[in-house]
Structure formats: C-alpha cells, structure tokens
Protein chains: 2
Amino acid sequence: MPEAPYAYDGLDRVLHERARLSLLTSLAAHPKPLAFADLKQLCGLTDGNLSRHLGVLEEAGLVEIRKGYEGRRPLTTCRLTPAGRQRFVDYLTVLERVVRDAAEAARQGQVDGDPEPLPA
Amino acid sequence: MPEAPYAYDGLDRVLHERARLSLLTSLAAHPKPLAFADLKQLCGLTDGNLSRHLGVLEEAGLVEIRKGYEGRRPLTTCRLTPAGRQRFVDYLTVLERVVRDAAEAARQGQVDGDPEPLPA
DNA sequence: CGGCGTACTTTGCATCAGAAAGTTGATGCA
DNA sequence: TGCATCAACTTTCTGATGCAAAGTACGCCG
C-alpha cells in the first residue's frame, strides 16, 4: 500500500514555479489579454525570463500568444487558453490542500519538546 | 514605482519545491522526529532523492538530521529546527496569498470572451 | 543618417531534480 | 565459515531549466 499522503503529485512542475505561477495568476485575474510589458511589470520579471517562461507556458498549451502590432510597434499579447485555465484551477486545488495540511500541521506541532537524545 | 503585485518574492526556491514542500509538511505535522523510511513513505520519494533533499534542507538550516542506531541498524531521524518551522510558516503565508489571489482571479476571469482578432 | 529607445529573442552558464549505481553492514542459510 | 540477500542510505551522473547577459530588429528623433 503505497500511501504517500504528502506526495502532492498534482504539483506539476510547469505550473509550480514562481515565475510561471505569477504569470498564470496575472492572466487569470485579467479577462482581457495582457501585453508583454504589462506582464513584465506585474510579475517583476526581466525581458529574457518573461520570454522564456511564456514560451514554456505556450508549449504546454496553457497560454495563447499573439504577436501583432500597435500602430507600427510590435505588441505581443497573451491570454490563458481554456485548457490552461482548467489546469490552473486543478493546480490550485492541490495547492489549497497543501496550505491546509501545512497550516494545520504548523499549528499542531508548535510546541516541539526539547531535543531528547534518542533512547538508544 | 516597481509595483509587481504578483511577484511573490517570498516563494523561496529551497521551500517551493514539490519534494521539499512535502517533506516539510510531513515534519511539521509530526511533533516527534521522523525516520528516513517514514519520510520516504509519507512523501513517496526514492532513497536517493530523499537523501538529496534532506541534505538541501539541512544545509539551509531548516531541519536537523540525527544519525543513530536502532538496535544495530542505522536509523536516521529528522526534525524541523525552530528556524525551519518559522521559515515554513512564512512561506505558507505567501502561499496562502497566492491561493487567495488566484482563486479570486480564476473566478473573476471565468467568462473570457471570444478571441477577437486584434483590430490592427 | 546616426544614435537612442522600445520590444523582444537567443545564448550561455550554473544549478539542480531525479535516476541509477554504489556502499556498508546485518541477517539468513547451507 | 562462507556466500547471498536485504536494509538503509550515499554518491555519481545526466538532462532539464531558471536566470542573466548579450543580441536582434525596428521605429523615432535631431
């Protein structure tokens, strides 16, 4: 019986990553597509990192990237795909469980006795 | 004004990692030290990975590892340090915020209109 | 027409998670 | 006793990857 109550398999590495988590949250929060520069600002990322992480998210089918123009300047915009939104929600469910488990745990184990030197 | 509301700086990479998060939660949940084999079971990790991640956590001062014997078999036990518990709690605070932001966001942005082809 | 700024992309490096192989020593058994 | 097995870890290796720095392309200003 391989019970592994704390294994948290649902923490997909594509989503469970600071920068990407940040991007997805930003995107989820804004119904309209967001521009490259907006995301950069919202998530505090450098151009290079943003480009890279967006690439990863697109590759995984989580976001849709559209390269167009505003006037005659290039403007890259980005939105969640429906599948992306779903996976994000699923991920969040797991994350909620983690937080619940952990918060509970942290409270419970608060008074951790003295370091007894192990009977043997 | 570098506002980056979704930057989540508090998501320390040492903690924000599936295996390690799993380990810390296990440890936080159990007031008594846990044995290597217990952690392996609880977190669904292989020997090698467990060893590696425990090493990282110890290096970072988050856990204390004690190598002893039970009878005459080696028995490695592990517990959170006070500092470790604190950092875990801090991390959880950020994670809670992420979940809150994101859950809110996911609900809000639910009805994402059709993919309008960008005026230009 | 030459430098500057915007808007990204590409490259390179250093780290690191996970898998596989190795180590040490106790126990079973013939 | 000698050999094989198993338990409990550790070490090594390799591919992936996050981040930073350099690079590209193009419009705009003077």
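All of these numbers come straight from a predicted model, not from anything done at the bench. All values below come from the heavy atoms of this structure, side chains included, with hydrogens, waters and symmetry mates left out. Letters A, B, ... mirror the listed sequences (proteins, then strands); counts begin at 1.
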Counting only N and O atoms by type, is there a donor-acceptor contact under 3.5 Å from the side chain of A:R20 to the main-chain atoms of A:V14? yes
Below 4.0 Å: OP1/OP2 of D:dC9 and any side-chain N or O of B:T76: yes
Would you tabulate the nitrogen or oxygen pairs shorter than 3.5 Å linking the protein to nucleotides 21-25 of chain D?
none

For A:N49, which residues count as a side chain to side chain donor-acceptor pair (under 3.5 Å) partner, sequence neighbours excluded? A:T46
Hits for side chain to side chain donor-acceptor pair (under 3.5 Å) against B:T93, two or more places apart or cross-chain, chain-then-number order -> none
note: A:E17, atom CD; D:dC19, atom C1'; distance rounded to Å ~ 10 Å
Nearest whole angstrom, please: distance from the P of C:dA17 to the CG of B:L54. 13 Å
Report yes if the side chains of B:L62 and B:F88 come closer than 4.5 Å at any heavy-atom pair, otherwise no. no
Could you give the CG-to-C1' distance, from A:L50 to D:dT17, as a whole number of Å? 16 Å
Output yes when at least one side-chain N/O atom of A:H53 is less than 4.0 Å from OP1 or OP2 of D:dC19, else no. yes
Nearest to the side chain of B:R13, which nucleotide is it out of D:dT10, C:dG18, C:dC16? C:dC16
Tell me: NZ of B:K40 to C1' of D:dA8, nearest whole Å? 8 Å
So A:R52, base contact, sugar-phosphate only, or nothing? Heavy-atom distance under 4.0 Å. base
Taking the side chain of B:R73 as heavy atoms from C-beta outward, which of C:dC8, D:dA7, C:dG18 is closest to it? D:dA7
Partner residues of A:D47 under the salt bridge (Lys or Arg N to Asp or Glu O under 4.0 Å) criterion, sequence neighbours left out: A:K40
B:Y69 OH to D:dC9 C1', straight-line distance once rounded to whole Å: 11 Å
Set of salt bridge (Lys or Arg N to Asp or Glu O under 4.0 Å) partners for B:D12, sequence neighbours left out: B:R87
Side chain of A:S51 only, heavy atoms from C-beta on: which candidate in C:dT9, C:dC16, C:dT27 is closest? C:dT9
Anything under 3.5 Å between a donor and an acceptor, one on a side chain of residues 21-28 of chain B, the other on a protein residue two or more places apart or in another chain? List them.
from: B:S22; atom 1: OG; to: A:Y6; atom 2: O; distance (Å): 2.5
from: B:T25; atom 1: OG1; to: B:L21; atom 2: O; distance (Å): 2.8
from: B:S26; atom 1: OG; to: B:S22; atom 2: O; distance (Å): 3.0

With nearest nucleotide decided by heavy atoms, which residue, A:R20 or A:P74, maps closer to the 5′ end of DNA chain D? A:R20
Could you state the CD-P distance from B:E59 to D:dT11, rounded to the nearest angstrom? 13 Å
Taken to the nearest whole Å, CG/A:L15 to P/D:dG18 is 12 Å
Can you tell me the pairing partner of C:dA30 across any strand shown, Watson-Crick or G-U wobble, with both distances under 3.5 angstrom? D:dT1
Separation of atom CG in B:D9 from atom C1' in D:dG18, rounded to whole Å: 15 Å
What's the closest nucleotide to the B:R18 side chain, out of C:dA26, D:dG18, C:dG18? C:dG18
